[in-house]
Amino acid sequence: MQSSSFTLSNSISNLKSRNHRLSTGYVPLPLKSSITFGSINGSSTRRLPSIRCSSSPRKLGDWISTPSPVPERESDGFEVKAASVPESADGAEAAAARKSKLAETIVLGSLFGLWYLFNIYFNIYNKQVLKVFPNPITVTTVQFAVGSVIVFLMWTLNLHKRPKISGAQLLAILPLAMVHTLGNLFTNMSLGKVAVSFTHTIKAMEPFFSVVLSAMFLGEMPTPWVVTSLLPIAGGVALASMTEASFNWAGFWSAMASNLSNQSRNVLSKKFMVKKEESLDNITLFSVITVMSLFLLAPVTFFTEGVRVTPAYLQAAGLNVKQVYIRSLLAAICFHAYQQVSYMILQRVSPVTHSVGNCVKRVVVIVTSVLFFRTPVSPINSIGTGVALAGVFLYSQVKRLKPKTKTA
């Protein structure tokens, strides 16, 4: 690195006064100065032009002299320029954010579509199997068995991380697995007895059981708005039940027992689950519950209905073995898939949004099942179903309202 020095030389000449009188005033001093820059190591030097100043009283402008034009010096090899941030940088970031949000919306919409699609096909295939093979315990066990195979494949292929579960966690999950097993068993019992549309109309009573059980076991007292939203639910279900062509008490109470079991699972998960730092994510918890439900229900199936899934038994019953196997397998796959997708959605949205989506799903299932099975529906029955589902939607909205805290 070179260091520079400079020298200053002054030449003052002809210091003679033209007039020696003191009255003449200021004595002009013709000054000639130059500044020379050079480097210590003797490299090239540059000399600035001389600057002359005159004190002649002729003009004020003569006191200000303008230096002669300086020739443009050669470049030292580098230039310093002020760089500015491109105006398009912020625009690019905003565009990337919009694309990311759009992609997330597309993924979420696809998950909702799969949730509804899997649920529709599960109800159709499941109803077809139960109509010709009225063994709901065996059917439910097959669904848990297929779900367990899917779970082990996910863990083996690293599609989802295999959990490390302690004994304390298994004990905490056991009550959840028991009510989960009962909930799905009662649902299949109801689907085997009444129309799909009527089963799902009765299952619209789930918010009623949720409020009652939460108040009894968790001390969560409902707000007046929540209680009000339950009235159209109960009234709509009652109106639909009175006018249902396929109504029977076995199907009705099975659906009610399913509501009680499913909402008990939600309450138990809040009351008895392990600490948060030891808790499992929703998909892992559902996978573990599926495997545990298989081990809980398989012995019950053996001692109650026996082994009725063999080809010999189905042929003796006059059934198409291939058709029963295929539809049972598809129903079981859809059964596990729609529940897993439901948990995937729950990880991306709020519980209120998930509840609204579940209400819309129930409407879609009811409408598609009525169209597919050509279920006879009276106008009063349709009104009752519509009122019940509107109450479910109202319930999901008022649940967001927080009660005002009383200040002293």
Side-chain angles (χ1 to χ4, degrees), residues 118-119 122 126 135-191 203 206 209-210 213 217 254 257-309 328-329 331-347:
F118 286 137
N119 207 289
F122 162 71
N126 202 38
N135 299 279
I137 303 178
T138 301
V139 170
T140 308
T141 304
V142 170
Q143 291 169 359
F144 285 138
V146 173
S148 299
V149 172
I150 295 175
V151 168
F152 283 116
L153 285 176
M154 290 174 57
W155 290 344
T156 303
L157 300 176
N158 291 324
L159 299 177
H160 195 77
K161 185 179 179 181
R162 180 180 299 180
K164 295 180 180 179
I165 306 174
S166 63
Q169 286 177 314
L170 288 176
L171 289 176
I173 296 172
L174 181 59
L176 303 180
M178 293 174 64
V179 293
H180 178 78
T181 304
L182 291 175
N184 288 282
L185 175 59
F186 286 132
T187 298
N188 284 335
M189 287 182 175
S190 179
L191 289 172
K203 286 177 71 67
E206 284 183 348
F209 288 93
S210 176
L213 293 174
F217 297 102
S254 295
S258 173
N259 289 336
L260 178 63
S261 301
N262 290 332
Q263 297 310 309
S264 297
R265 178 187 60 194
N266 296 338
V267 172
L268 288 173
S269 64
K270 294 180 181 179
K271 190 173 182 64
F272 297 114
M273 270 304 289
V274 291
K275 296 179 180 179
K276 184 176 181 181
E277 60 269 12
E278 300 175 355
S279 64
L280 307 174
D281 63 88
N282 289 332
I283 295 178
T284 301
L285 180 60
F286 169 67
S287 301
V288 174
I289 287 176
T290 299
V291 176
M292 294 180 69
S293 295
L294 172 63
F295 285 101
L296 289 172
L297 193 58
V300 178
T301 306
F302 180 78
F303 288 109
T304 56
E305 295 181 349
V307 182
R308 298 185 179 182
V309 292
S328 298
L329 178 62
I333 293 174
C334 292
F335 168 77
H336 184 85
Y338 91 76
Q339 295 194 67
Q340 181 153 332
V341 172
S342 174
Y343 284 116
M344 293 172 66
I345 293 174
L346 189 58
Q347 290 181 334

Near-ring test Phe118/His336, centroid separation under 6.0 angstrom
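Not under 6.0 Å, so no.
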Could you measure the distance from the [atom1] atom of [X] to the [atom2] atom of [Y]? Nearest 0.5 Å is fine.
X	Y	atom1	atom2	result
Leu185	Ser190	CG	OG	11.5 Å
Leu213	Arg265	CG	CZ	12.5 Å
Ile345	Asn282	CD1	CG	12.0 Å
Leu153	Asn158	CG	CG	12.0 Å

Shortest non-hydrogen contact between Ser261 and Leu182, atoms and distance:
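Taking every non-hydrogen atom into account, OG-CB, 3.7 Å.
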Ser258 and side chain to side chain donor-acceptor pair (under 3.5 Å): which single residue from Thr187, Asn184, Asn188 fits?
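Result for side chain to side chain donor-acceptor pair (under 3.5 Å) with Ser258: Thr187.
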Side chains of [X] and [Y], heavy atoms from C-beta outward: is any pair under 4.5 Å?
X	Y	value
Thr290	Gln339	no
Ser264	Phe209	no
Thr156	Arg162	yes

Can you tell me which residue pairs pass the ring pair (Phe, Tyr, Trp, His ring centres under 6.0 Å) test with a partner in residues 158-188, sequence neighbours excluded?
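Found Phe144-His180.
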Atom pairs and distances, side-chain donor-acceptor, residues 295-309, under 3.5 Å, sequence neighbours left out:
unit_1 : atom_1 : unit_2 : atom_2 : d
Thr301 : OG1    : Thr141 : OG1    : 2.5
Thr301 : OG1    : Leu297 : O      : 2.9
Thr304 : OG1    : Val300 : O      : 2.6
Glu305 : OE1    : Thr138 : N      : 2.9
Glu305 : OE1    : Thr138 : OG1    : 2.4
Glu305 : OE2    : Ile137 : N      : 3.4
Arg308 : NE     : Glu305 : O      : 2.5
Arg308 : NH1    : Asn135 : OD1    : 2.4

Short side-chain donor-acceptor distance under 3.5 Å, Thr181 and Ser293
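Checked: Ser293/Thr181 side chains pair up, N/O donor to acceptor below 3.5 Å.
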Do Met292 and Leu170 pass the side chain to side chain contact (heavy atoms under 4.5 Å, CB included) test, and can you show the C-alpha distance, the side-chain angles, and the key distance before you say yes or no?
CA-CA 9 Å; Met292 294 180 69; Leu170 288 176; 4.3 Å; yes
Output, in order, the C-alpha distance, side-chain angles, deciding distance and verdict of side chain to side chain contact (heavy atoms under 4.5 Å, CB included) for Trp155 and Ser287.
CA-CA 10 Å; Trp155 290 344; Ser287 301; 3.9 Å; yes
More than 12 heavy atoms of other residues, nucleotides or ligands under 6.0 Å from CE of Met178: yes or no?
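Not more than 12 within 6.0 Å, no.
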Could you give me the CA-CA distance, side-chain angles and deciding distance for Ile283 and Gln347, then say whether side chain to side chain contact (heavy atoms under 4.5 Å, CB included) is met?
CA-CA 9 Å; Ile283 295 178; Gln347 290 181 334; 4.1 Å; yes
Please step through side chain to side chain contact (heavy atoms under 4.5 Å, CB included) for the pair Val139 and Ser328, ending with a clear verdict.
CA-CA 8 Å; Val139 170; Ser328 298; 5.9 Å; no
